[in-house]
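Computed from a predicted structure; not experimentally measured. Convention: sequence-line order gives letters A, B, ...; per-chain numbering from 1. Excluded from the calculations below are hydrogen atoms, water molecules and symmetry mates; all remaining heavy atoms, backbone and side chain alike, are included.
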Amino acid sequence: MTLVPDAIRSLSWRILLIVAALGGFGLVVLYSAASGSIRPWALSQGVRFAMFLVMAVILSRIPERTWKAAAFPAYGVMLTMLLAVELLGAVSGGSRRWLDLGIIRLQPSELMKLTIVLAVARFYDLLPAGELRGVHALWPPALAIGFPVALVLLQPDLGTATMIAAGGIVVVFLAGVPLRLFAGAGAVLAAALPIVWATMHDYQKKRVLIFLDPESDPLGAGYHITQSKIAIGSGGIFGKGFLNGTQSHLDYLPEGHTDFVFATMAEEWGLIGGILIIGAFLLVTRWGMRVAARAPTRFGRLTAAGLTTTIFFYAAINLMMVMGLAPVVGIPLPLVSFGGTAMMTVLICLGILMSIERDGWRRRSFA
Amino acid sequence: MKLDRLLGKRSVSEAQARFAFDRRSFVLGGAQLSIGALLAGRMAYLSIFENARYALLAESNRVNLSLIPPRRGWIVDRAGKPLALNRTVFRVDVIPDRLKERKATLDELQQLLGLTADERDRIERDIDKAAGFQPVQVAEKLDWQRYAALSIRAPDLPGVQPAQGFARYYPDGAAVGHLIGYVGAASAEDYAKSKDPLLIAPGYKIGKEALEKTMEPVLKGKPGARRSEVTARGKLVRDLATRPDVPGNTIRLTIDRDLQDYAARRMGDNSGAITVIDLATGGLAAMVSMPAYDPNSFSDGIGRREYAALTSDDHLPLVNKTLHALYPPGSTTKPSSALALLEAGIDPDETVFCGGAMRVGSAIFHCDKRHGSLALAGAVVHSCDIYFYTMGLKYGANALAGMFRKLGLGAVHPLPLQPQRFGTVPDPQWIERKHKRAWAAYDTVNMSIGQGYMLANPLQLAVMAARLATGHGLEPHLMGPPRPGAPLGVNPAHVEFVRQAMGNVVNGGGTAAAARLPIPGVQMAGKTGTAQVRRITLSERAGGVRSNATLPWKQRDHAHFIGFAPVESPRYAFSVLVEHGGFGAAAAAPIARDTMTFLFAPDQAMKSLTALEQGWGGDLATRMAAKAASYKTTPDPAPAPDTGAPSDVPAPPDLAPEVTAAR
């Protein structure tokens with residue numbers, strides 16, 4: 001009936017447009033961060049972004065049941081790889097995060113962020129509703145979350161461990177586990193804080209302390225937060241203009257193309273640019289939560305909500321960090337920061353989300 | 001299952017689980033939205049309410065405001081020849097706060113720049129004392145090769161700053177040391193007091209001593225500023241604006257540089273002072289105190305050994321003997337006493353018989369010779385003590401003291417140099433106030449020959465000579481308009497009498513024939529003085545007074561000579577002091593003669609100086625270098641105090657008021 005083939009028409013065009021806009025804006029910011037040059041960042045990031053976007057579209061054609069079937073095996077593979085990283089991973093910046101597979105350098109902890117969501121969702125999918133309030137509804141996910149978190153903490157990578165734990169716990173929460181357990185777990189966690197503090201590395205402790213009082217060490221470790229706030233605050237409402245940011249171009253802002261890319265953007269685009277990015281992420285989140293709400297299966301619902309929250313966590317933790325609301329934990333701003341790993345994770349999440357969305361459409365059209 | 005009951009297990013249906021999901025995902029969505037709102041709010045807060053503050057911070061990041069230290073004003077002599085000037089230098093500083101590995105960095109610097117252990121030691125001490133952000137000079141006056149080598153390495157040595165700047169230079173070195181002083185980096189206390197950022201600018205120096213210190217406000221100038229855009233690593237992107245510095249003002253002194261230099265050299269290895277006053281203006285043509293430190297070594301940051309060498313020298317090179325040391329003026333006061341007596345109405349032809357000694361009360365006062373019968377002029381020419389004892393007693397202490405004060409003894413001369421000591425002209429009121437006893441006859445006797453409580457600094461003696469020569473109350477000064485002074489209110493005939501008598505001291509068979517000028521047609525007037533620094537006991541006097549040559553240096557008499565030239569129309573007046581020099585006519589008069597000769601026949605004076613210096617082992621600079629070298633080989637001395645003002649001054653000589661002699 002129409003000229004546009006069905007395969008194309010059935011894509012989630014709205015969300016793809018939002019994501020493309022975010023990624024495209026990211027490229028503009030990276031172009032400026034390199035002082036008005038597509039090298040070294042914007043070009044390679046653009047190529048990568050296009051590749052991953054195509055990959056997400058392809059992933060969206062995979063039916064939900066395939067994800068369901070792959071959930072546990074994928075978790076097993078990722079856990080094994082995390083162990084492998086611990087044993088023979090490449091040390092980079094004082095921590096083991098990478099697994100060098102010859103062709104690519106893989107960061108299993110990154111993929112674990114979404115695998116944990118699939119695995120826990122799959123577990124509650126299998127669990128009969130009658131068992132939901134029993135103790136058997138709790139300990140397997142607790143172990144499933146606990147192992148990878150412990151391994152990632154050993155790397156050490158506090159930010160990623162937090163995100164893995166948060167992604168899994170959100171699924172547990174949504175599955176309908178009694179609230180009082182959550183309160184209890186929260187209490188245990190609070191009680192465990194001093195122990196966590198004691199086992200933290202010095203640089204991690206320092207980051208937390210400096211987060212609490214960044215001006216205490218403006219030239220040392222508090223430098224990142226201080227300079228980031230200066231970049232954002234000095235941008236004002238409309239920003240200093242494209243290519244006019246001094247904080248980024250004169251190197252006052254560290255990591256201006258990776259973790260602190262939002263500050264680079266905000267300096268030149270001001271509050272307007274900031275609201276656009278925050279708004280875009282909220283739109284993605286709202287879309288994801290709607291996908292979850294409309295998903296016909298329990299696995300689909302939990303997975304969609306979990307993956308959406310993972311994307312949201314990415315953006316929220318990064319933005320809180322650059323605006324001085326959270327310690328510096330080294331989490332990039334997905335789709336905008338230079339770097340492939342986070343982009344890949346987020347676009348896989350989107351692919352799975354779109355696949356769940358398609359599944360819903362199909363079932364509803366059959367009904 | 002007990003635990004299940006504990007958890008409140010109830011059977012849950014699929015529909016209930018679905019309902020729980022809907023409810024909880026709504027809560028989750030709400031939480032996400034609130035976090036989103038929080039982020040947007042934070043963003044708005046930073047970019048709207050805190051915008052001004054952060055915009056300022058971003059600007060202060062971007063723009064580096066660096067002070068351009070002002071070039072210091074020159075100090076020139078009366079003909080405009082420089083006594084203190086600035087030279088462009090290549091220098092290296094370290095910022096202690098930014099040093100990553102202090103020892104390794106200093107090792108590397110030492111190797112690159114070829115620093116000696118003494119210099120390394122000085123740098124270490126300066127770093128310990130510095131306020132952290134305050135640059136510490138490593139080396140100044142680097143040659144281009146070393147500077148270039150260091151500039152290449154500097155990016156790898158955090159805290160090391162190569163720079164170009166100006167350094168103070170004193171062409172005459174030690175000859176102007178006590179007069180000009182020196183400059184040095186401001187101390188942490190200086191900075192704490194004024195908070196002037198200029199004080200911690202690299203290479204900026206403030207006056208630390210003498211004229212450099214007191215004339216600081218004039219010499220200082222105004223700093224310029226350079227606004228430049230810099231990267232976080234301090235790399236310059238571009239200059240935004242530059243305001244040039246305003247150099248300090250040049251100070252023109254009344255000093256004659258060549259005379260100053262000559263006088264300093266003519267002192268040889270003696271410890272002493274030469275002061276020359278230009279009688280037309282009252283300006284000081286030379287003010288030399290020797291031995292002296294080389295201000296260039298202080299301005300470069302002095303090494304510990306070099307400083308120890310200065311402090312341990314018994315000739316006290318850190319003390320300005322012209323202003324800060326007091327001596328009994330001895331017989332140099334006889335012309336003044338003569339003028340006092342004339343004004344008091346003495347008959348200049350009245351004679352006194354000198355038998356070599358006289359009794360006053362229970363004590364016996366001696367003369368160095370039996371002069372026989374003498375009138376006033378003869379008493380001055382031959383320096384007869386007995387005459388002045390007798391006449392002093394006859395006319396009274398107040399007549400003498402009044403004239404001494406009129407001629408400038410005990411007076412404060414407001415020269416811009418610190419510290420100064422002004423000595424004493426005793427009188428009956430003073431002795432009651434100070435020593436709680438009545439004035440005795442022997443006090444008058446002592447005062448009549450410039451001994452006893454009489455103390456004066458060499459400047460005052462030069463002023464006394466100048467006032468005797470002109471009869472005017474000229475004020476000594478170093479800069480500014482001439483101050484020849486008003487007539488002293490003394491009968492000009494009396495002044496002429498004294499002038500003639502002083503001329504005869506040198507030219508008329510008097511005590512100072514050695515001071516006769518070797519220039520035809522120019523005659524000099526003068527008066528010797530020998531101030532005893534030890535008590536001559538009765539037993540020693542009985543067995544014959546020991547000659548100065550057989551005494552240790554410290555116990556020998558101080559030699560004075562004051563005078564003016566030419567006799568008929570005086571142009572210059574002077575005082576010469578040679579500490580522990582022995583007999584005034586022997587030690588001080590030849591120095592005075594040569595210094596005066598230099599003013600009227602410089603070539604002739606230079607010739608005799610060159611001959612003398614050959615005998616001493618080279619000129620001043622050569623001898624000082626040799627001395628410094630000998631100290632560098634001595635073992636490490638105790639830590640030197642802050643290289644500030646010399647603190648020790650010679651104690652006034654211990655004098656026996658009852659038994660004194662003067663010649």
Side-chain angles (χ1 to χ4, degrees), chain A residues 124 128-136 138 170 173-178 180-181 226-227 229-237 239-240 246-247 249-254 266-267 270-271 274-275 278-279 281-282 285-286 289 292-293 298 301-302 305 308-309 312 315-316 319-320 323-325, chain B residues 1-29 31-33 35-63 97-98 229-233 235 237:
Chain A
Y124 285 109
E131 286 291 326
L132 208 51
R133 291 196 174 249
V135 78
H136 296 301
L138 265 183
V170 159
F173 170 73
L174 292 174
V177 167
R180 73 186 81 171
L181 287 184
T226 308
Q227 295 302 334
K229 276 156 71 179
I230 292 176
I232 296 170
S234 64
I237 297 177
K240 295 177 185 167
T246 56
Q247 285 287 104
H249 291 157
L250 299 177
D251 298 333
Y252 289 99
L253 184 67
E267 191 183 11
L271 180 61
I275 296 295
I278 295 169
F281 275 107
L282 280 179
T285 307
R286 195 184 68 152
M289 292 308 282
R298 185 163 168 74
R301 277 196 296 276
L302 292 175
T308 305
T309 309
F312 178 79
L319 292 180
M320 285 169 82
M323 288 195 256
L325 294 174
Chain B
M1 297 203 97
K2 265 187 184 165
L3 192 59
D4 284 350
R5 248 199 308 286
L6 199 68
L7 297 170
K9 183 184 173 182
R10 276 171 299 154
S11 184
V12 181
S13 72
E14 192 71 35
Q16 274 174 314
R18 173 73 205 251
F19 181 60
F21 175 84
D22 287 346
R23 220 172 26 188
R24 292 186 182 189
S25 66
F26 182 74
V27 170
L28 183 64
Q32 289 166 342
L33 195 66
I35 291 176
L38 171 77
L39 289 171
R42 173 69 172 172
M43 173 86 207
Y45 172 74
L46 286 178
S47 56
I48 297 172
F49 297 103
E50 299 256 85
N51 175 246
R53 183 164 85 94
Y54 284 123
L56 194 71
L57 284 173
E59 193 67 3
S60 74
N61 263 348
R62 179 177 81 96
V63 177
D97 269 359
R98 297 197 188 147
E229 193 172 280
V230 289
T231 70
R233 280 174 211 88
K235 204 180 129 223
V237 178

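Interface summary for chain A: among B/Val27, B/Leu33, B/Leu28, the most heavy-atom pairs under 4.5 angstrom belong to B/Leu28. Of all the listed residues (A/Leu271, A/Ile275, A/Ile278), the one sharing the greatest number of non-hydrogen pairs under 4.5 Å with chain B is A/Leu271. Contacts with chain A were tallied for B/Glu59, B/Met43, B/Glu50; B/Met43 has the most, counting heavy-atom pairs under 4.5 Å. Interface remark: of the candidates B/Ala44, B/Ala20, B/Ala31, B/Ala44 forms the most heavy-atom pairs closer than 4.5 Å to chain A. Between chain A and the options B/Ile48, B/Asn51, B/Leu56, heavy-atom pairs under 4.5 Å are most frequent for B/Asn51. The choice from A/Ala305, A/Ala316, A/Gly176 that makes the most heavy-atom pairs within less than 4.5 Å of chain B is A/Gly176.
By the side chain to side chain donor-acceptor pair (under 3.5 Å) test, B/Asn61 is found to be paired with A/Gln227, A/Gln247, residues two or more places apart in sequence or in another chain being considered. Among residues two or more places apart in sequence or in another chain, the side chain to side chain donor-acceptor pair (under 3.5 Å) test is passed with B/Arg42 by none.
With a threshold of 4.5 angstrom between heavy atoms, A/Leu319 approaches chain B through its backbone and through its side chain. A/Ala292 touches chain B through backbone and side chain together, each having a heavy atom under 4.5 Å away. Both the backbone and the side chain of A/Leu302 come within less than 4.5 Å of a heavy atom in chain B. With a threshold of 4.5 angstrom between heavy atoms, A/Arg298 approaches chain B through side-chain atoms but not through N, CA, C or O.
Side-chain contact between B/Ile35 and A/Phe312: present, with at least one pair of heavy atoms (C-beta onward) separated by less than 4.5 Å.
Rounding to the nearest 0.5 angstrom, the gap separating the OG1 atom in A/Thr246 from the CD atom in B/Glu229 is 7.5 Å. Residue A/Ile232 holds its CD1 atom at 8.5 Å from OG of B/Ser47, rounded to the nearest 0.5 Å.
The two atoms that bring B/Arg24 and A/Phe173 nearest to each other are NH1-O, 2.7 Å, heavy atoms only. Nearest heavy atoms, B/Leu39 versus A/Met323: O-CE, 3.6 Å.
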Exercise for review: Verify side-chain contact (heavy atoms from CB on, under 4.5 Å) between A/Leu325 and B/Leu38, making sure each step is shown before the conclusion.
Suggested key: CA-CA 10 Å; A/Leu325 294 174; B/Leu38 171 77; 4.3 Å; yes
